Amino acid sequence: MCGIAGIVAHQNVNQELYDALTVLQHRGQDAAGIVTCEHGRLHLRKENGLTRDVFTDSHMMKLRGNMGIAHVRYPTAGCTSSAEAQPFYVNSPFGLTLAHNGNLTNTQVLKKELFIEDQRHLNTDSDSEILLNIFAHELQSLGKLRITPEDVFQAVAAVHKRCKGAYAVVVMIAGFGILGFRDPHGIRPIVFGERRTEQGSDFMIASENVALDVLDFKLIRDIEPGEAIFIESTGKLHTRQCSDIVDHCPCIFEYVYFARPDSMIDGISVYKARLRMGEKLAEKILKDWPEQDIDVVIPIPDTSRTSALEMANKLGVKFREGFIKNRYIGRTFIMPGQTKRQKSVRQKLNAINLEFEGKNVLLVDDSIVRGTTSKQIIQMARDAGAKKVYFASAAPPVRYPNVYGIDMPAANELIAHNRNEDEISAFIGADKMIYQNLADLISAVQHGNPKIKHFDTSCFSSEYITGDIDAVYLDYIENLRRDGAQLARERESFNIEI
């Protein structure tokens, strides 16, 4: 998962792109990058690290120009090289830079096509670089010295025909403008907005509308699945549907975990969706466990707090904050290595003993992926004096790999894969485990926008909406992950030895 942004304005956009990345930092903490365009010349800064660490005053002074794009990266295992930080750049045609959120699922085919047919060079293993070169080839194949928005849309249409998977993208064409587009399923979120000034309208594209809000841009709407918008450097906006086949199916995990609660995605309030998740889960407990003896509901900060509060209200029990979070430790789920993930849990959370001593505690989390964090947190609750520790997940069991941009591609890493609820409960050390039903999760999210008929629920249901995922592909992804993790361990060992 990554965060992307693009701005075309009537003044320098460097500071605003930086501010946008700080708001989108929850979507990726591994690397950050900004590229701006000044009179046709590109200025780029990208590196591993948090936004605040990647950019210094001297860097910001060099990022001049009235339009630019930006990116924060969320890494998959083994993908921690600074060479894969975005935005990516190719000089031909015209000078293109790209930032991408998602994951292509037909990269092997595309790599061969790019090398043999398109005769383009790839310098990394990133699918984002593949996507950039596909777009560059399709734009160049038009054979025009000067391009129009129609030409840009034609190139996007060709990208849709060649690329499969999830992609929300911003592209900057040097001296010409900024493009935003979304895959025909609309799996990953992307929105755009406008800010009116005395000089004219400024426009912004971002993964989530919260980035627009902090910069005083008014949300226009989400970019539709298969749609592209193009903003000329002068501030003129163009939109076009570029896909013949559209099947809107946004990722439901955005609402469960990734997106900020104050975001609106495809017309659905993330906050309200999480409230409904808590309500649905409480109803399940009242139905299936009427004799429950829960004394207190305690959320695991921060994403589950909204669902946990509604659960407590519905169950008629106390809601308490039992864990204090060290806000200077990153989100454990998106840390690059399992060793770092395990090590960080006790650094990240500290229990308030008074809220646990002698009580039957229901801990609530947004989801359980690997289970290692949940196991440690349950032990922390017991160490703090809890009599019984129950555990509830606002999401159903994560049993299957996700191939659309979330770092859970290997089934054997998932605690719920080939385990039932009793086995999971025993593994993490809980007295009882309660999971959300998938139908209830879908209902909780869909209630916010009934026009969306289905969602990507592949990590819960194993139903892959792009139709190109089979056992062979999943084995290929798992092997890549294993090889990448091994390389990362070797690099870490080498660095330690030095």
Side-chain angles (χ1 to χ4, degrees), residues 2-28 32-38 42-45 51 55 60 63-72 86-87 96-101 149 152 156 167-182 186 188-224 227-240 254 259-260 262-267 270:
C2 300
I4 60 175
I7 299 177
V8 176
H10 290 81
Q11 66 281 331
N12 286 327
V13 297
N14 50 359
Q15 183 63 54
E16 293 190 324
L17 287 171
Y18 176 93
D19 293 342
L21 291 188
T22 62
V23 175
L24 297 173
Q25 189 77 79
H26 63 285
R27 300 189 67 85
I34 294 174
V35 59
T36 58
C37 184
E38 178 190 36
L42 299 177
H43 306 289
L44 172 65
R45 166 65 181 170
T51 301
F55 301 98
M60 296 298 291
L63 292 171
R64 299 180 301 273
N66 74 313
M67 65 177 184
I69 63 174
H71 184 269
V72 284
Q86 298 184 41
L96 304 175
T97 56
L98 173 144
H100 163 222
N101 176 29
V152 174
V156 173
Y167 48 94
V169 182
V170 286
V171 178
M172 182 165 64
I173 306 174
F176 187 41
I178 288 180
L179 165 72
F181 63 95
R182 194 179 189 189
R188 302 265 73 89
I190 183 169
V191 300
F192 70 103
E194 180 183 13
R195 180 180 61 195
R196 295 182 179 179
T197 69
E198 293 180 358
Q199 294 78 26
S201 290
D202 299 337
F203 288 95
M204 181 174 180
I205 304 168
S207 294
E208 297 181 38
N209 64 287
V210 288
L212 277 64
D213 296 342
V214 299
L215 296 174
D216 293 327
F217 283 82
K218 182 179 180 181
L219 175 68
I220 296 177
R221 58 178 174 83
D222 299 81
I223 296 178
E224 296 295 326
E227 185 186 25
I229 72 166
F230 184 74
I231 308 154
E232 295 185 49
S233 58
T234 57
K236 187 175 182 181
L237 174 69
H238 307 264
T239 67
R240 179 66 49 83
E254 290 278 356
R260 277 181 40 148
D262 46 344
S263 285
M264 295 283 295
I265 298 177
D266 290 311
V270 175

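The first residue of the sequence shown is numbered 1, and numbering continues consecutively from there. Being a predicted model, the structure only gives us computed values, none of them experimental.
Checked for salt-bridge contact, R188 and D222 miss the test: no charged N lies under 4.0 Å from a carboxylate O.
In this structure, M67 CE and S233 OG are separated by 5.5 Å, a value rounded to the nearest 0.5 Å. In this structure, OG on S263 lies 5.5 Å from NE2 on H26, to the nearest 0.5 angstrom.
Scored by the side-chain contact (heavy atoms from CB on, under 4.5 Å) test, L237 finds F192, F203, I229, I231, T239 as partners (sequence neighbours excluded).
Contact of the L42 side chain with the T36 side chain is not registered, since no non-hydrogen atoms from C-beta on lie closer than 4.5 Å.
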Name each donor-acceptor pair under 3.5 Å that joins a side chain in residues 210-221 to protein atoms two or more places apart or in another chain, with its distance.
residue : atom : partner : partner atom : Å
D213    : OD2  : N209    : ND2          : 3.3
R221    : NH1  : E227    : OE1          : 2.8
R221    : NH1  : E227    : OE2          : 3.4
R221    : NH2  : E227    : OE2          : 2.7

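Across every non-hydrogen atom of N14 and L63, the tightest pair is CB-O, 3.0 Å. Nearest heavy atom pair, residue C2 against residue R27, reads O-NE, 2.8 Å.
A donor-acceptor pair shorter than 3.5 Å can be found between the side chains of E38 and H43. Side-chain polar atoms of H10 and N66 form no donor-acceptor pair below 3.5 angstrom.
Using bins of under 30°, 30° to 60° and over 60° for the plane-to-plane angle, the ring pair H238/F230 lands in the tilted bin.
Looking at S207, its side chain does come within 3.5 Å of a backbone N or O of I4 through a donor-acceptor pair.
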